[in-house]
Each structure stands twice: as C-alpha cells, then as structure tokens.
Amino acid sequence: MPELPEVETVARGLREALPGRRILDVRLGKTDFIENPAAIEEQLPGKQIRAVKRHGKFLLLELASANTDEAAHELVLLIHLGMTGQIVTCPPEAPVPLHTHVFLALDDGKELRYTDIRRFGSMQLLVDGARAKALQSLGADPLEMTEAQFKAAVGARRARVKALLLDQHVMSGMGNIYTDEALWRARIHPMRIGATLKRDEMARLYRAVRDVLTEAIRLRGSSVSDYVDSKGQRGEFQLRHRVYQRDGKKCFRCGATIRRAIVAGRSSHFCPKCQRAPRKVKA
DNA sequence: CTTACGGCCTGGGTGC
DNA sequence: TGCACCCAGGCCGTAA
C-alpha cells in the first residue's frame, strides 16, 4: 500500500520525468474517484508541469499555463494513490494494464498513466487558494517534525498510539505497515494510550518512526501487493518487515511468536513479549 | 471535542 | 470446477 516511503519514491521518479513537460491530451476511463473530471479534461491540455511535490501520502503536480499572456492561476493536480493506485510513465504503445483510468499524453512522446484496481485513490484539480484549503487539516510530515512537535502531537492525546500514528491530522504519511514496524522497533504496544508514554518511550518512538521511514525510502518502499514506482518497479523494504503480516512467526528480537489483533479498526502485528500490553486496556 | 464503525472497491485466498 | 465468503486498509461520513 502506498504510504509515505512509497509516495516519496513515486515522487522522486516523477521528478526525473515530468518537470518541463507539457500535457497535450487527456483521456479518462472510470471517473468516480475524480472530483471534477470535466475540469481535468478541459484544463489540463496545454498546461506545463512545473514541479512534483509530496505532502504526506498526497502527490502534487504543479501546473502552469504554457501561454505567458494568460492570467497566472495557481493550478495543482492533487493525487492520492489510495490502496492500489499506480502512476507510471511509459511509451503510449506499452500494453495498458486493466483498471487504468487516466492517460495524459506528454510532449516528449511519453504517456503518464494512472491505474487503480480498487479506486480508493483520488484525483482533484486545485485552483488558486484551494491548495491550502485541501491540505490545511493534515498534520506535519513525520520526517520534518522535531521531537518536541512529535511529543506534543502524540502526548496530548488519549487515543491508542496505533490510532494516533495512523491519523493523518496528527502526522501525515504513516499507514498500517510503517505504524506496526515503528511500534515494534520502539517496543511499544499498539494499544498504549498516547498520553501515558514515558519520556524515553516517546523518544524511542520518534526515533523509530524516522528510522523506519528513512530506511524504507532508501529501499524504494514496500511492495506487498500492488505497489510499484513510477517506472513500474517494485520496492524492496518488504524484505525487512519485522512484524507486518508475520503473525505466527518468530520475533526477530526475542523469538516469541508475533501476534495479530485488531487495534483502531486495523489489523495490527506485534510481539507480545517485546511490546508489553497496557494493564487496563483489554488485549 | 472524542472514538467507533460502515461503506467504498477488486482480487486473492479458503472452504465446501 | 465453481461459488460463497472473508479479508486487505486509506479515508470519509455518520453515529454515539
């Protein structure tokens, strides 16, 4: 699933292929995941892609009018990959995978394609001030948070730490895989309440979140099911998973059996020995 | 304000 | 071989 490291890997790939390119043509398949498909069909042709940005799990393509005499509007294509979204550049004659719903013809002869089996992703064209509004409720990127900001965000809440790390308003970019992996590294049980974390636990968690995300970016993300980068290549961090989908197997640290439980409505994987359950919360 | 939960969507796996 | 069923989870809307 695309979480921060996967989206960052896609963004880095797109930065090599897109800036400076002009969009010549737009073709759409199913559009129920696009906020305003007509706007995309009408506005994108002729626009130049200026930059590729990432905010949490969102990709932003910054666009500009190719005509300099047109009034300058801030125009951004906001893309979320959901669970199964893939965004790839390829020659237009390359075979079209099933569930490919957006085709952008580019002025270098390549095509930018969006494929999304389950259509949990989303696409939205933001004009002028809409960008700030769309992103304002999202928390900071965990890789850009200071330890003090992290403590303030997590330590002030009575929700389970698993839910807090997953909450994009607390910090944006963590999903189920990296949340479980970070909690294992920090030796903190997913059901612990944020406000009850001790100083050293909070420090370990901050460290663990940053380390796991940084290492996952280095290995180009985790390809568990559908994830591929902008060149269609799989990541390798799934080979380094220590708990995610390893229930029934042995903990790499202590040899106990990894367990799975539903926490915050999500399947959660943890070592019952390294990550001690809180007393009051039922396991 | 908080947390909980159903719904969206498809494919892969399982059990009968 | 087919088919019903469940599960994966990011995010949003609604309910309590």
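These figures come from a predicted structure and were not determined experimentally. Below, read A as the first sequence line, B as the second, and so on, with proteins coming before strands; counting in each chain starts at 1.
- To the nearest 0.5 Å, atom CZ of residue A:R266 and atom CG of residue A:D180 are 11.5 Å apart.
- Following rounding to the nearest Å, A:F33 (CZ) and C:dC12 (P) show an atom-to-atom distance of 16 Å.
- Connectivity analysis of hydrophobic side chains (ILVMFWY, heavy atoms under 4.5 Å, direct or indirect) links A:V96 to A:F103.
- With hydrogens and angles disregarded, a donor-acceptor distance shorter than 3.5 Å links the side chain of A:R113 to the backbone of A:P92.
- A:S122 comes within 4.0 angstrom of nothing in the nucleic acid, heavy atoms only.
- When the options A:R185, A:R240, A:R242 are evaluated for a salt bridge (Lys or Arg N to Asp or Glu O under 4.0 Å) with A:E215, the one that passes is A:R185.
- Rounded to whole Å, atom C1' of C:dG10 lies 10 Å from atom CZ of A:F58.
- Using a 30° and 60° split on the angle between ring planes, A:H80 and A:F58 fall in the perpendicular class, above 60°.
- The nucleotide range of DNA chain B contacted by chain A, defined by atoms under 4.0 angstrom from heavy atoms of the protein and reported 5' to 3', is B:dT2 to B:dG11.
- Remark: A:I188 CD1 to A:T196 OG1 distance equals 9.0 Å, nearest 0.5 Å.
- Side-chain atoms of A:L125 and A:L44, non-hydrogen and from C-beta on, do get closer than 4.5 Å to each other.
- Taking the side chain as every heavy atom from C-beta outward, A:Q233 and A:V228 never approach each other to under 4.5 Å.
- Between A:F33 and A:H101, the ring planes are tilted. Angles from 30° to 60° get that label.
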*Check the pair A:Y178 / A:L4 against side chain to side chain contact (heavy atoms under 4.5 Å, CB included), numbers first and verdict last.*
CA-CA 9 Å; A:Y178 297 107; A:L4 189 153; over 6 Å; no

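- Atom CZ of A:R119 and atom P of C:dG10 are 19 Å apart (whole Å).
- Taking CE of A:M123 as the reference point, atom CG of A:L81 lies at 8.5 Å (rounded to 0.5 Å).
- In this structure, A:R266 reaches the bases: a heavy-atom distance under 4.0 Å links it to at least one base atom across the strands shown.
- Here the options are A:V76, A:L78, A:I34, the test is side-chain contact (heavy atoms from CB on, under 4.5 Å), and the partner is A:Q124; only A:L78 passes.
- If you measure from atom CD of A:Q124 to atom C1' of C:dC12, you get 13 Å, rounded to the nearest angstrom.
- Backbone-only contact: A:Y244 has heavy atoms under 4.0 Å from sugar-phosphate atoms and none from a base.
- Remark: DNA chain C forms stems of 3 or more consecutive Watson-Crick or G-U wobble pairs, all pair distances under 3.5 Å, at B:2-8 with C:10-16, B:10-16 with C:2-8.
- If you check residues 163-175 of chain A against DNA chain C, the residues with a heavy atom closer than 4.0 Å are A:L166, A:Q168, A:G175, listed by number.
- DNA chain C lies under 4.0 Å from at least one heavy atom of each of the following residues of residues 75-83 of chain A: A:H80, A:M83.
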For residues 131-140 of chain A, run the donor-acceptor check on the side chains, cut-off 3.5 Å, and write out each pair with its distance to 0.1 Å, sequence neighbours left out.
unit_1 : atom_1 : unit_2 : atom_2 : d
A:R131 : NH1    : A:E62  : OE2    : 2.8
A:R131 : NH2    : A:E62  : OE2    : 3.2

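- Atom P of C:dC3 sits at a distance of 23 Å from the matching atom of B:dC9, rounded to the whole Å.
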